[in-house]
Chemist: 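Okay, here's the structure, questions in a sec.
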Amino acid sequence: YTHKANNIINNRVSRFTVSGDLAAPASELVLINIDPVDGNTGYHNGGGLAIKNNQIYIATGESTVASNSQSLTTLKGKILRINTDGTIPTDNPFYTTATGANRAIWALGFRNPFKLSVQNGTGKIWCNDVGAGTWEEINEIEKGKNYGWPGIEGKRTNQIAPANYKDPFYAYDHSNGACSITAGVFYNPAVAVFPTAYIGKYFYGDYCAGWLKTIDANGTVANFATGIDRPLDVAVSNEGVLYFIARGGIPGGSNDANTSSNEGVLWKVNYTGNGIP
């Protein structure tokens, strides 16, 4: 969440203890503080979280300062990896070359990595990185890799690649109203109630175009839902039910469209047995 104290604004990840359906504010354990946001912009914060093997992966945006993404002296524009108690694993790729909290860096070269998802079974970590002028990316996250921003957006063509560069698994352009990749989750629940054709597929959404699509391990894309008013997130329960949030409000990706909305809706998508979820 975004924290403010003494007129300094920063993002942080905390752990709370839950009793029943309530979390006690006094139980907060701050795991990591991200550097203060740059200037008065306060956006490109990333925010994706995922847990794999009892370690937390944290996606952080570059705070609208592109050079942050390639620097090992800031946590911004990165995927971070910490233990659930806030300590930093000693096998992180930059543990011996970075200092302090920056040893938490697991991968770098991101603009605004909005969503992280771990696939049950394979352990793959995919990240949706919101692009700038042309390309939206789905990246498979690997230890120590550099995903290219700001020098490369989308898949590399003739740009000079940084060390340990990795192309996105998939990238799509800003045609047909698309402009910002948001939601993302694998369909690998404990109990699968959708047809077998959906198992293992990755659901992702575009904030401006208002759709949800699926992509499989071979890169095959299929439409799932359209006409969604600014999709933000999607999740799959252990029982195989899919949920997504539609933020509502002003459509598109303009600054006005990013103002507050009181029209948000949480949707629940069941499979009814007639072949169409």
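Only heavy atoms go into these numbers, but all of them, side chains included; no hydrogens, no water, no symmetry mates.
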Chemist: Can you see which heavy atom on Ile199 is nearest to which on Ala192, and at what distance?
Modeler: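 Result for this residue pair: CD1-CB, 3.8 Å.
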Chemist: Any chance you could measure Phe244, atom CZ, to Phe203, atom CZ, to the nearest 0.5 Å?
Modeler: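 The distance works out to 11.0 Å.
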Chemist: Is a side-chain N or O of Lys76 found less than 3.5 angstrom from the main chain of Thr60, in a donor-acceptor match?
Modeler: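 Checking the backbone N and O of Thr60 against the side chain of Lys76, no donor-acceptor pair under 3.5 Å is found.
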Chemist: Return the CZ to OG1 distance between Arg103 and Thr96, rounded to the nearest 0.5 Å.
Modeler: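 The OG1 atom of Thr96 is 10.0 Å from CZ of Arg103, to the nearest 0.5 Å.
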Chemist: List the steps and the verdict of side chain to side chain contact (heavy atoms under 4.5 Å, CB included) for Ile9 and Thr2.
Modeler: CA-CA 7 Å; Ile9 300 173; Thr2 302; 3.5 Å; yes
Chemist: Between Leu242 and Phe194, is the side chain to side chain contact (heavy atoms under 4.5 Å, CB included) condition met? List the steps.
Modeler: CA-CA 9 Å; Leu242 185 142; Phe194 279 19; 4.0 Å; yes
Chemist: Is there a side-chain contact between Lys166 and Glu140 (heavy atoms, below 4.5 Å)?
Modeler: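 Yes, close enough: below the 4.5 Å cut-off.
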Chemist: Side chains of Asp167 and Tyr165: donor-acceptor distance under 3.5 Å anywhere?
Modeler: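 Distance-only check passes for Asp167 and Tyr165.
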Chemist: Check the side chains of Asp129 and Asn139 for a donor-acceptor pair under 3.5 angstrom, ignoring hydrogens and angles.
Modeler: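 Distance-only check fails for Asn139 and Asp129.
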Chemist: Atom CD1 in Ile181, atom NZ in Lys213: separation rounded to 0.5 Å?
Modeler: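 That separation rounds to 10.5 Å.
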Chemist: When clusters are formed by joining ILVMFWY residues with side-chain heavy atoms under 4.5 Å apart, either directly or through shared neighbours, do Tyr57 and Tyr147 land in the same one?
Modeler: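 Same hydrophobic cluster.
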Chemist: How far apart are the closest heavy atoms of Leu116 and Cys127, and which atoms are they?
Modeler: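 Distance-wise, the nearest heavy atoms are CD2-CB, 3.5 Å.
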Chemist: Is it true that a side-chain atom of Glu153 and a backbone atom of Trp135 form a donor plus acceptor pair closer than 3.5 Å?
Modeler: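 Yes; judged by distance alone, with no hydrogens or angles, the pair exists.
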Chemist: If you take all heavy atoms of Cys208 and Gly177, which pair is closest and at what distance?
Modeler: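 That would be CB-O, 3.3 Å.
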Chemist: With a 4.5 Å cut-off on side-chain heavy atoms, are Ile105 and Leu80 touching?
Modeler: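 A side-chain contact exists here, since the closest heavy-atom pair is under 4.5 Å.
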Chemist: Donor-acceptor pair, Tyr271 side chain versus Val241 backbone, under 3.5 Å?
Modeler: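 Looks like no, no N/O pair under 3.5 Å.
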Chemist: Can Glu142 and Asn164 be counted as having a side-chain donor-acceptor contact under 3.5 angstrom?
Modeler: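 No pair is found: no donor N or O on one side chain lies under 3.5 Å from an acceptor on the other.
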Chemist: Quick check: closest heavy atoms across Phe224 and Val269, and the distance to 0.1 Å?
Modeler: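 Heavy atoms only, the tightest pair is CZ-CG1, 4.2 Å.
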Chemist: What's the spacing between His174 NE2 and Cys179 SG if we round to 0.5 Å?
Modeler: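 Going from the NE2 atom of His174 to the SG atom of Cys179 covers 6.0 Å.
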Chemist: Could you tell me if the side chain of Arg81 sits less than 4.5 Å from the side chain of Ile56, heavy atoms only?
Modeler: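 SC-SC contact between Ile56 and Arg81 ruled out.
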Chemist: Is it true that a side-chain atom of Thr134 and a backbone atom of Asp173 form a donor plus acceptor pair closer than 3.5 Å?
Modeler: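 No, the answer is negative, given that no donor and acceptor are paired below the 3.5 Å cut-off.
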Chemist: Starting from Trp126, can I reach Val221 by hopping between I/L/V/M/F/W/Y residues whose side chains sit under 4.5 Å apart?
Modeler: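 Result: yes, single cluster for both.
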Chemist: Taking Gly154's backbone N and O only, do any of them form a donor-acceptor pair with Glu137's side chain (distance below 3.5 Å, no angle check)?
Modeler: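 Present.
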Chemist: Evaluate side-chain hydrogen bond (donor to acceptor under 3.5 Å, both in side chains) for Ser14 paired with Glu28, printing each intermediate quantity in order.
Modeler: CA-CA 6 Å; Ser14 291; Glu28 179 180 16; 2.6 Å; yes
Chemist: Please check this pair: side chain of Ser237 against backbone of Glu239, looking for a donor-acceptor N/O pair closer than 3.5 Å.
Modeler: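 The answer is yes, because a donor-acceptor pair under 3.5 Å joins these two groups.
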Chemist: Can we call the ring centroids of Trp211 and Tyr204 under 6.0 Å apart?
Modeler: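 Judged by ring-centre distance (under 6.0 Å), Trp211 and Tyr204 do meet the cut-off.
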Chemist: What's the spacing between Asn158 CG and Arg156 CZ if we round to 0.5 Å?
Modeler: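 CZ of Arg156 is found 8.0 Å from CG of Asn158.
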Chemist: Write down the atom of Gln70, the atom of Pro150, and the distance for their closest heavy-atom approach.
Modeler: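 For Gln70 and Pro150, the tightest heavy-atom pair comes out as CG-CD, 4.0 Å.
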Chemist: Any chain of hydrophobic side-chain contacts (each under 4.5 Å) joining Phe169 to Leu108?
Modeler: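 Phe169 and Leu108: separate clusters.
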Chemist: Apply the test salt bridge (Lys or Arg N to Asp or Glu O under 4.0 Å) to residues Asp229 and Arg247: give CA-CA distance (whole Å), side-chain angles for both, the deciding distance (0.1 Å), then the verdict.
Modeler: CA-CA 6 Å; Asp229 194 353; Arg247 183 169 185 252; over 6 Å; no
Chemist: Find out whether Pro189 and Asn238 are in side-chain contact, i.e. whether some heavy atom of one side chain is under 4.5 Å from a heavy atom of the other.
Modeler: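 Result no, sub-4.5 Å side-chain heavy-atom pair not found.
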Chemist: What do the steps show when you test Trp267 against Tyr243 for ring-ring contact (aromatic ring centres under 6.0 Å, His included), and what is the final call?
Modeler: CA-CA 5 Å; Trp267 289 79; Tyr243 298 86; over 10 Å; no
Chemist: Linking I/L/V/M/F/W/Y whenever any side-chain heavy atoms sit under 4.5 Å apart, do Val30 and Ile51 land together?
Modeler: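 No, because Val30 and Ile51 fall into different hydrophobic clusters, even though each may have its own neighbours under 4.5 Å.
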Chemist: A side-chain contact here means heavy atoms from C-beta on lying under 4.5 Å apart; do Ile215 and Thr220 qualify?
Modeler: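 When only atoms from C-beta onward are counted, Thr220 and Ile215 do not touch, as no gap falls below 4.5 Å.
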Chemist: Any side-chain heavy-atom pair from Lys124 and Val118 closer than 4.5 angstrom?
Modeler: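 No. Closest side-chain heavy atoms not under 4.5 Å.
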Chemist: Would you say Val13 ends up clustered with Leu75 if hydrophobic residues are merged whenever their side chains have heavy atoms under 4.5 Å apart, either directly or through other cluster members?
Modeler: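 As far as the 4.5 Å side-chain criterion goes, Val13 and Leu75 are connected within one cluster.
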Chemist: Could you check if a side-chain atom of Tyr172 sits within less than 4.5 angstrom of a side-chain atom of Asp206, using non-hydrogen atoms only?
Modeler: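 The answer is yes, as the side chains (C-beta and beyond) meet within the 4.5 Å cut-off.
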Chemist: Closer than 3.5 angstrom, by distance alone: can the side chain of Ser71 be matched with the main-chain N or O of Asn68 as a donor-acceptor pair?
Modeler: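 No; zero donor-acceptor contacts below 3.5 Å.
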Chemist: Assess the side chains of Thr87 and Asp85: does a donor N or O sit below 3.5 Å from an acceptor N or O?
Modeler: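 Yes, a side-chain donor-acceptor pair sits under 3.5 Å.
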Chemist: With no hydrogens and no angle check, just 3.5 Å: does a side-chain donor-acceptor pair link Asn128 and Tyr202?
Modeler: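 Yes - a donor-acceptor pair under 3.5 Å links their side chains.
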Chemist: I'd like to know if the side chain of Asn83 reaches the main chain of Gly86, judged simply by a donor and an acceptor atom lying under 3.5 Å from each other, with no hydrogens or angles considered.
Modeler: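 It does not hold such a pair.
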Chemist: Under a 3.5 Å cutoff, is there a donor and acceptor pairing between the side chains of Thr157 and Gln159?
Modeler: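 Yes - a donor-acceptor pair under 3.5 Å links their side chains.
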Chemist: Look only at the side chain of Asn112 and the backbone of Gly61, and say whether a donor-acceptor pair between them is shorter than 3.5 Å.
Modeler: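 Answer holds: no.
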Chemist: Is the backbone N or O of Thr17 less than 3.5 Å from a side-chain atom of Ser27, with the two atoms forming a donor-acceptor pair by type?
Modeler: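 Present.
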Chemist: Show, in sequence, the C-alpha distance, side-chain angles and deciding distance for Arg111 and Trp149, and conclude whether the side chain to side chain contact (heavy atoms under 4.5 Å, CB included) test is met.
Modeler: CA-CA 6 Å; Arg111 180 176 182 266; Trp149 178 258; 3.6 Å; yes
Chemist: Determine whether Phe94 and Asn102 satisfy the following criterion, side chain to side chain contact (heavy atoms under 4.5 Å, CB included), listing intermediate values before the conclusion.
Modeler: CA-CA 8 Å; Phe94 305 104; Asn102 297 316; over 6 Å; no
Chemist: I'd like to know if the side chain of Tyr1 pairs up with that of Arg12 as donor and acceptor (distance under 3.5 Å, no hydrogens or angles considered).
Modeler: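 Their side chains do contain a donor-acceptor pair, which is all the 3.5 Å distance test asks for.
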Chemist: Compare every heavy atom of Pro162 with every heavy atom of Gly148, then report the nearest pair and how far apart it is.
Modeler: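 That would be CA-CG, 4.4 Å.
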Chemist: If you draw a 6.0 Å radius around CG in Leu266, do more than 12 non-hydrogen atoms from other residues or ligands fall strictly inside?
Modeler: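 Yes - once you tally the heavy atoms of other residues, nucleotides and ligands closer than 6.0 Å, there are more than 12.
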Chemist: Within the structure provided, determine whether Phe110 and Ile79 are in side-chain contact (heavy-atom separation under 4.5 Å).
Modeler: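 Heavy-atom side-chain distance check passes, below 4.5 Å.
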Chemist: When rounded to the nearest 0.5 angstrom, what is the spacing between OG in Ser117 and CG in Leu49?
Modeler: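 It comes to 12.0 Å.
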